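What follows is a short report on a single structure.
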Amino acid sequence: MKILLKNGDELQLKDDANSKDAAKAISEGLARAAVAAKVNGKLVDLSAPLKEGDHLEIVTLKDKEGLDVYRHTCAHVLAQALKTVFPTCKLAIGPVIDNGFYYDVDFKTPITMEDFSKIEAEMKKIVKADFPIERFTLPKEDAIVFMSKFHENYKVELIQDLPEGEEISFYKQGSFTDLCRGPHLPSTGKLKAFKLVSIAGAYWRGDEKKKMLTRIYGTAFAKKEEMDEYFQMLEEAKKRDHVKLGKEMKLFALMNEGKGFPFFLPNGMVLKNVLVDYWRQLHRREGYVEVQTPMIMTRTLWENSGHWEHYKDNMYTTKIDGEDCAVKPMNCPGGMLVYKLTPHSYKDLPIRMGELGLVHRHEKSGQLHGLMRVRCFTQDDAHIFMTPEQITEEIKGVVRIINEVYTLFGFKYHVELSTRPEDSMGSDEDWENATNALKAALDELELPYVINEGDGAFYGPKIDFHLEDSIKRTWQCGTIQLDFQMPQRFDLEYTGEDGQKHRPIMIHRVAFGSIERFIGILIEHYAGKFPVWLAPEQVKVLPVTDRAAEYAKELVKTMNGMGLRASADLRKEKIGKKILDAEMEKVPYKLIVGDKEVEENTVSVRKRGEGDIGAMNKDEFFALLKKENDEKIIF
């Protein structure tokens, strides 16, 4: 039979060949590296049979899917080890997550991280045994009987919830068998580097009314060196933790009186306002107008937008004058109403409408984390209303803005195109047109992207921008969503060149995403050592003598008058103590001034990270600082 490879070449194979055979036919090296395959776009085991005309792609550990298969197999090895070390435990689920995997387990006697060493020792035995991993299927009723025989009640519940008539797949390695869709590595011996990292509680199926299980987190890498680098990154991340630094630098506070609702302190408000000022400056330049829509609007609005049906569990609701209302989780429905206030012609379009709107979304308490996951945040939204002919150019314009923003802060990024989710609204034709329009814009920009199947918004596909920070972690921030649905649901119109009424197309987009979350990312990216233009305090003047204290006040007044941010440390402390405190506060510049500096109109400059850089005329220093601030120099 013939199959088609990713590069378009044809490969001749025997009629009973599988993906492993195909890899061998291509090269022995590829066969050794292969961990799974994609057949007609579906990820499968290497042992899965091929048929005439199949499109085949061999997956290795260099591919994200390959690493996921590797880590999922490691989760099964963990499960087998747990059943050996703790025979009475019951297994729940063991999915892959970013950088690793976890397994939820019901133990008769609680375990701790001190048990990890004996669990890992058993895992190493399983790897050394190099058990072949074999897939088999059973009809639903037989699968229930099979898992019941092992008293795995959580697996039985999962099977019972599957559709009737569906064949259920299992994977066997040695004496251990687990319920799983797969795919998996060909054998346990393929695992090279893994480690159990932490333990937590997790409700069965995320339901607080159900039993609390033990969640064991682990990670696995293709090479030990890669795993060592990962743990070094985690250690560095601890030092950069934005919650810790935010407290030390007096940027924000997290209080029990407002769980999930951060308190911004004076320094934090300076940083937030600098970002907002930059956002406004950029958007004025790009032809955006700014609006502000109400925080609370009626249920009928949210029903019309689709949020009441698709998003209600994440919304805060209330009653006003006996009418159901909701605190807005998104800004877009308000933007629809603003558009409808005025009749529009094709000559008015595109209309680029920005809003820095405070939105509220209900997050479970266990998911809250610093500024990264909160219950209220400022979304730097913009909604662009346009004709179909303007779609590609407008998307390209948004991509250009987002690229400018991320480049300014020193971020690299990669792009994902997220397609139609299961819980969506609108016609197949609209979704196809919207998805193709996003693809066309990315292709014209020659911007590499990967497809993220089924992760679009319920009203349209989207382009997501994933930032890479200074220690190579990724964060999803910017997004561009193309929406054919809301203009229809809100009956938006414009008069076309033909004099007829037409429906505008709409883009939802953010650059920062959540300003609060972006601040958290910036704190960790820079380890709190913000570039001058972002630093809440840019200069600390440190007088050595009483006479110099008056000079210090004059310097501060001059700099603040120039739109810079400076203060003086007038405490009766030794200069060494003042310098140390300013270093701890991560102030970019320290100016040490004594009687000599007063007489000569100079300042002795210390730069963060460099130490003493010598004496400068005060006006020379002001010009240097002003340049760094105005030109938004990173370092």
Side-chain angles (χ1 to χ4, degrees), residues 200-201 203 206 208 237 240-280 290-299 301-302 305 307-308 310-320 324-335 354-382 475-479 508 510-525 528 530 534 536:
Y203 291 107
E208 295 174 6
R240 294 167 176 259
D241 177 39
H242 77 283
V243 176
K244 171 179 170 287
L245 291 175
K247 184 177 180 180
E248 291 174 358
M249 298 175 70
K250 299 181 177 61
L251 298 173
F252 64 92
L254 305 170
M255 304 189 196
N256 288 332
E257 291 83 353
K259 293 179 180 177
F261 302 96
F263 291 71
F264 271 83
L265 307 180
N267 282 350
M269 282 306 300
V270 171
L271 175 57
K272 190 173 183 180
N273 286 332
V274 168
L275 291 172
V276 167
D277 290 346
Y278 166 65
W279 185 92
R280 287 197 166 112
E290 187 177 351
V291 300
Q292 185 177 73
T293 61
M295 196 174 296
I296 300 176
M297 290 176 276
T298 62
R299 172 176 175 167
L301 173 79
W302 302 110
S305 69
H307 288 88
W308 199 267
H310 295 273
Y311 207 73
K312 184 174 182 295
D313 290 344
N314 292 88
M315 295 166 67
Y316 294 110
T317 58
T318 186
K319 278 186 181 289
I320 299 177
D324 287 335
C325 297
V327 181
K328 66 178 179 182
M330 298 176 184
N331 297 307
C332 31
E355 178 172 12
L356 293 162
L358 185 65
V359 300
H360 290 70
R361 299 179 185 178
H362 179 63
E363 300 284 357
K364 292 181 179 178
S365 59
Q367 296 174 320
L368 299 174
H369 174 55
L371 299 180
M372 303 302 192
R373 184 66 73 93
V374 292
R375 288 173 170 159
C376 74
F377 55 91
T378 308
Q379 199 166 43
D380 66 315
D381 255 325
W475 310 88
Q476 196 276 309
C477 288
T479 188
H508 309 248
V510 294
F512 295 143
S514 152
I515 291 183
E516 287 74 5
R517 183 168 179 266
F518 197 74
I519 287 172
I521 293 168
L522 289 177
I523 293 170
E524 299 199 2
H525 178 57
F530 297 114
L534 281 176

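Computed from heavy atoms alone, side chains included, the values below leave out hydrogens, waters and symmetry copies. None of these values were measured; they are calculated from a predicted model.
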Open item on the list: Ignoring hydrogens, what is the shortest heavy-atom contact between Ile523 and Phe252? Give both atom names and the distance.
Closed with: CD1-CE2, 4.0 Å
Open item on the list: Taking side chain to side chain contact (heavy atoms under 4.5 Å, CB included) as the criterion, tell me which of Thr378, Leu271, Leu534 meets it with Ile519.
Closed with: Leu271
Open item on the list: Check the orientation of Trp302 and His307. Use parallel for under 30°, tilted for 30 to 60°, and perpendicular for over 60°.
Closed with: perpendicular
Task: Residue Gln476 excluded, over 12 heavy atoms near CD under 6.0 Å - done: yes
Open item on the list: So which atom in Tyr203 and which in Glu208 form the shortest heavy-atom distance, rounded to 0.1 Å?
Closed with: CE2-O, 3.5 Å
- [ ] State whether Glu363 and Arg375 are salt-bridged, where the test is any N-O pair (Lys NZ or Arg NE/NH1/NH2 against Asp/Glu carboxylate O) under 4.0 Å.
- [x] no
Open item on the list: Tell me the closest heavy-atom pair linking Asp380 and Gly513, and the distance in Å.
Closed with: OD1-N, 2.9 Å
TODO: Give the intermediate values and the outcome of side-chain contact (heavy atoms from CB on, under 4.5 Å) for residues Tyr278 and Leu275.
DONE: CA-CA 5 Å; Tyr278 166 65; Leu275 291 172; 5.5 Å; no
Open item on the list: I'd like to know if Glu516 pairs up with Lys272 as an ion pair, taking the criterion as any Lys NZ or Arg NE/NH1/NH2 lying under 4.0 Å from an Asp or Glu carboxylate oxygen.
Closed with: yes
TODO: Could you tell me whether the side chain of Asp324 and the main chain of Lys319 form a donor-acceptor pair under 3.5 Å?
DONE: no
Open item on the list: With heavy-atom distances below 4.5 Å as the criterion, would you say the side chains of Met255 and Phe261 are in contact?
Closed with: no
Task: Name of the residue among Glu248, Lys247, Arg240 meeting side chain to side chain contact (heavy atoms under 4.5 Å, CB included) with Lys244 - done: Glu248
TODO: Show the numbers, then the answer: is there a side-chain contact (heavy atoms from CB on, under 4.5 Å) between Leu522 and Phe530?
DONE: CA-CA 8 Å; Leu522 289 177; Phe530 297 114; 4.2 Å; yes
Task: Spacing of Phe512 atom CZ and Trp279 atom CH2 [to the nearest 0.5 Å] - done: 9.0 Å
- [ ] Indicate yes or no for a side-chain donor-acceptor contact from Arg373 to the backbone of Leu368 under 3.5 Å, with no hydrogens or angles considered.
- [x] no
Task: Centroid-centroid under 6.0 Å between His242 and His525 rings - done: no
Under 3.5 Å, which donor-acceptor pairs link side chains of residues 355-362 to any protein atom two or more places apart or in another chain?
residue: Glu355; atom: OE1; partner: Thr293; partner atom: OG1; Å: 3.1
residue: Glu355; atom: OE2; partner: Thr293; partner atom: N; Å: 2.7
residue: Glu355; atom: OE2; partner: Thr293; partner atom: OG1; Å: 2.8
residue: Glu355; atom: OE2; partner: Lys328; partner atom: NZ; Å: 3.0
residue: Arg361; atom: NE; partner: Pro329; partner atom: O; Å: 2.8
residue: Arg361; atom: NH2; partner: Pro329; partner atom: O; Å: 3.1
residue: His362; atom: ND1; partner: Tyr316; partner atom: OH; Å: 3.2

TODO: Heavy atoms only: give me the nearest Leu254-Gly370 pair and the separation to one decimal.
DONE: CD1-CA, 3.8 Å
Open item on the list: Whether the side chain of Asn267 engages the backbone of Pro536 through a donor-acceptor N/O pair (distance < 3.5 Å, no angle test) should be reported.
Closed with: no
Task: Side-chain heavy-atom pair Phe264, Leu371 within 4.5 angstrom cut-off - done: yes
- [ ] List the atom of Ile521, the atom of Cys477, and the distance in Å for their closest heavy-atom pair.
- [x] CD1-SG, 3.4 Å
Task: With sequence neighbours excluded, residues passing ring pair (Phe, Tyr, Trp, His ring centres under 6.0 Å) with His310 - done: Phe458
Task: Any residue meeting salt bridge (charged side-chain N to carboxylate O under 4.0 Å, His left out) with Asp241, in chain and number order, not counting sequence neighbours - done: none
Task: Residue pair Ser305 / Pro333: nearest heavy atoms and the distance that separates them - done: CB-CG, 3.7 Å
- [ ] State, yes or no, whether a side-chain contact exists between Arg517 and Phe377 at a heavy-atom distance under 4.5 Å.
- [x] no
Task: Test item: Asp381 side-chain N/O and His508 main-chain N/O as donor-acceptor pair under 3.5 Å - done: no
